[in-house]
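Throughout, protein chains are lettered first and strands after them, A, B, ... in sequence-line order, and every chain is numbered starting at 1.
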Amino acid sequence: MAPKTLFEKIWNRHVVTERHGQELLYIDRHLCHDGSFTAFDRLRERGLRVRRPDQTFMTPDHYTPTHSASLDDVPDPRAKELAEAVRVNAQEFGVTAFPWGDRRQGIAHVVGPEQGITLPGLTMVCGDSHTSTHGALGCIAFGIGSSEVSHVLATQCLWQKRPRTMRITIDGTLGFGVTAKDVILAIIRKISAFGGTGYAIEYAGSAIRGMSMEGRLTICNMTIEAGSRFGMVAPDEKTFAYIDDRPFAPKNEKWDAALAYWKTLPSDDDAAFDEEVALDAGDIAPMVTWGNSPHDAIEITERLPDPETESNAERRAAMVSAYDYMDLKPGMAASDIKPDRVFIGACTNARIEDLRSAAAVARGRKAVIPAMVVPGSGLVKAQAEAEGLDKVFTDAGFEWRLAGCSMCVGMNGDMLKPGERSASTSNRNFRGRQGPGSRTHLVSPAMAAAAAVTGAFTDVRKLMEEA
Amino acid sequence: MEAFRTHAGVAVPIDIPNCDTDQIVPARFLRHGRSEEGYARFLFHDLRFHEDGSEKEDFIFNDARYKGSSVLVADINWGCGSSRENATYVLVANGIRAVIAPSFGDIHYNNCTKHGILPVCLSEEDCRTLRRQLRESPGAEIALCLDTQTVTGPDQQNYSFEIDPFDKHRLLNGVDEIGLTLGHDDDISKFEKAHRNAHSWLG
């Protein structure tokens, strides 16, 4: 048999039929959220049912308030309607939901792996671009548009053009204070915000093997910021240990059967990829973005780049424009940028390990600018509280909130004011992403906490050495 | 879905590399229904309007000479970022029938093809040429023919483009994709049964 990649092994097992060069791909599991209401409305209009309600899961996240779990405390009537729509759609179509007030509720990309809904070998979709996150468990998971959500609800399938494959190998050991967030920002800096377009990316190498599941989830999460819909990591013992005993994971004989199958999934040694990229883990430092594309990432010890050194005229003009929007100057030190506010959360960095890492920096220090911590799910919140992390944060003057997407996208009202600058653990520094006129700098949870306690972007390694 | 066969119309250049879907439609408007009055104003909202709602004069989409544009010529990585299909709805609401760019965000590209909008990939150089011509001759038209896979620029220069045969078929015929797939119901059921047998652990 010809050697195959992890991606090919899973994809090939899900092709129902082919037509005009596209394949009808069977989708094993479908995650929905509070922004999926349009797709359900479309089904209702056409009198269609959900083909596999037993494989469809829903959790409100985008519009969810993080200051209160009570609808009575939400002033916005439309937000109430959308929260209610989750309950109504789940009931009417028979899908499993984790609505407001359910302790399992949270960001879809945190809840999926946490509940054991996300498993190796699956095809999974969600009407959200950060669905690439789930590939960290060794499955094909990708973000889709709302029409495609309706299509999957109605047919459990999607017409797809098979992407090309890329392997990004990161060998070596990550330096002290360097996290998965820094790794993915370094990758995007190297391959650009569109280097992955049309590809499915598999992350490999000793640095990835040595990384926790949380770290792998962070890397796969931001794969879409490099243009690729699919980020993947081959399942290994760490993956299996993470999944074991989660509520929706297979149990007993089914677990044994699953495990035997999952072990066959890693790419064959001599499998060929359409594109290969390599980075040395030892070369990666804590990162911070300065502009309006995740590609605009620099090391914390660097100075902001000079547009004059950019040879492409459009790119040069975009840099000048980004400097104007961000109110920054070329050549200034990254550590001279002073954020107004800190956001620790989002599907990129709101898992327990992220909160531990931020708390380690916040412990015994005081925030000098407003800072908020938004756990990725009710269960992450409970776990953090059991470990006393909430107390560490609140003692340091950070706000401790309820689970949701929150200030990553500002749809629930958690926003920056126009002109405000954030240190944010989210995934996008686009203009207006955190509210009209907002200025976002992407960093790791530890770097965000360091910014909170110093009032400037600070090399977190210095604070960690002090501790 | 509205079919796309040929189209000719005024084209507007959008000189923004990596123009993400947050720029095409900011997140705070996603809660609004497509049928609401004023929906068309959400396209490029924060690039187009000041906080008080007045138009920003320097944004090209507000230039009266490009009024009624139905084709956008954009830059690299158009429509990257969020999967929001609203970025397609606002194009439809403004009568946009085609977007020409050197590359697209994959999800936005697919979303366009579900709404009768033709996404066309031309080289960076060709897109640069077209945008320059449109800046030099505001109100100039671009013509597109999906059947022959051709774009005709304001100077009558022809450019050919590639498109996936499946997307072409659906766009040319305005195919309802759900309807098409439901026609494969037997195939899906057969597959599903074999798949579940092979992977009992799927539950």
Is it true that a side-chain atom of [X] and a backbone atom of [Y] form a donor plus acceptor pair closer than 3.5 Å?
{"X": "A:Glu310", "Y": "A:Asn312", "answer": "yes"}
{"X": "B:Ser189", "Y": "B:Asp186", "answer": "no"}
{"X": "B:Asp63", "Y": "B:Arg65", "answer": "yes"}
{"X": "A:Thr155", "Y": "A:His151", "answer": "yes"}
{"X": "B:Arg5", "Y": "B:Leu172", "answer": "yes"}
{"X": "A:Ser132", "Y": "A:Phe230", "answer": "no"}

Atom group of [X] that falls short of 4.5 Å from chain B, counting heavy atoms:
{"X": "A:His14", "value": "both"}
{"X": "A:Tyr261", "value": "side chain"}
{"X": "A:Glu253", "value": "neither"}
{"X": "A:Thr17", "value": "side chain"}
{"X": "A:Phe37", "value": "side chain"}
{"X": "A:Val149", "value": "neither"}
{"X": "A:Phe248", "value": "neither"}
{"X": "A:Leu24", "value": "side chain"}

Between chain A and each of [options], count heavy-atom pairs under 4.5 Å; write down the option with the most.
{"options": "B:Asn86, B:Thr88, B:Ile76", "result": "B:Ile76"}
{"options": "B:Cys80, B:Pro17, B:Ser83, B:Gly33", "result": "B:Ser83"}
{"options": "B:Asp187, B:Asn18, B:Leu182, B:Asp164", "result": "B:Asp164"}
{"options": "B:Thr21, B:Asp15, B:Asp46, B:Asp176", "result": "B:Asp176"}
{"options": "B:Ile16, B:Leu180, B:Leu47", "result": "B:Leu180"}

Polar side chain donor-acceptor pair, [X] to [Y], under 3.5 angstrom:
{"X": "A:Arg431", "Y": "A:Ser321", "result": "yes"}
{"X": "A:Gln22", "Y": "B:Arg170", "result": "no"}
{"X": "B:Thr152", "Y": "B:Asn158", "result": "yes"}
{"X": "B:Glu55", "Y": "B:His50", "result": "no"}

Looking only at heavy atoms, which two atoms of [X] and [Y] are closest? And how far apart?
{"X": "A:Ile243", "Y": "A:Pro120", "result": "CD1-CD, 3.3 Å"}
{"X": "A:Ser192", "Y": "A:Gly195", "result": "OG-N, 3.0 Å"}
{"X": "A:Cys139", "Y": "A:Leu122", "result": "CB-O, 3.2 Å"}
{"X": "A:Glu225", "Y": "A:Ile188", "result": "CB-CD1, 3.7 Å"}
{"X": "B:Asn173", "Y": "B:Ala3", "result": "C-CB, 4.1 Å"}
{"X": "A:Gly196", "Y": "A:Ile201", "result": "CA-CD1, 4.3 Å"}

Determine, for [X] against [Y], whether the closest basic-nitrogen to carboxylate-oxygen distance falls under 4.0 angstrom.
{"X": "A:Arg78", "Y": "A:Asp76", "result": "no"}
{"X": "B:Glu192", "Y": "A:Arg51", "result": "yes"}
{"X": "B:Arg41", "Y": "B:Glu36", "result": "no"}
{"X": "A:Lys161", "Y": "B:Asp167", "result": "no"}

Are [Y] and [X] an aromatic pair, judged by ring center distance below 6.0 Å?
{"X": "B:Phe42", "Y": "B:Tyr89", "result": "no"}
{"X": "B:Phe61", "Y": "B:Tyr66", "result": "no"}
{"X": "A:Trp159", "Y": "B:His184", "result": "yes"}

Below 4.5 Å from any heavy atom of chain A, which atoms of [X] appear? Answer side chain, backbone, both or neither.
{"X": "B:His45", "result": "neither"}
{"X": "B:Arg34", "result": "neither"}
{"X": "B:Phe191", "result": "side chain"}

(message) Using 0.5 Å steps for rounding, measure from the NZ atom of A:Lys251 to the CH2 atom of B:Trp201.
(response)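 CH2 of B:Trp201 is found 13.5 Å from NZ of A:Lys251.
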
(message) Just verifying a value: how many Å separate A:Arg52 CZ and B:Leu202 CG, rounded to the nearest 0.5 Å?
(response)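 Spacing of CZ (A:Arg52) from CG (B:Leu202) equals 9.0 Å.
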
Between [options], which has the largest tally of heavy atom pairs under 4.5 Å with chain B?
{"options": "A:Gln156, A:Arg315, A:Gln55", "value": "A:Gln55"}
{"options": "A:Ala313, A:Gly413, A:Ser293, A:Pro436", "value": "A:Pro436"}
{"options": "A:Arg19, A:His20, A:Arg13", "value": "A:His20"}
{"options": "A:Gly198, A:Gly410, A:Ala318", "value": "A:Gly198"}
{"options": "A:Glu81, A:Arg29, A:Met411, A:Arg428", "value": "A:Arg428"}

Do any of [range] come closer than 4.5 Å to chain A, heavy atom to heavy atom, and if so which ones, in number order?
{"range": "residues 116-128 of chain B", "result": "B:Glu124, B:Arg128"}
{"range": "residues 22-31 of chain B", "result": "B:Asp22, B:Gln23, B:Ala27, B:Arg28, B:Leu30, B:Arg31"}
{"range": "residues 106-113 of chain B", "result": "B:Asp106, B:Ile107, B:Asn110, B:Asn111"}
{"range": "residues 134-148 of chain B", "result": "none"}

(request) Test side chain to side chain contact (heavy atoms under 4.5 Å, CB included) on B:Val151 and B:Phe161 and set out the steps. (result) CA-CA 8 Å; B:Val151 171; B:Phe161 62 90; 3.8 Å; yes

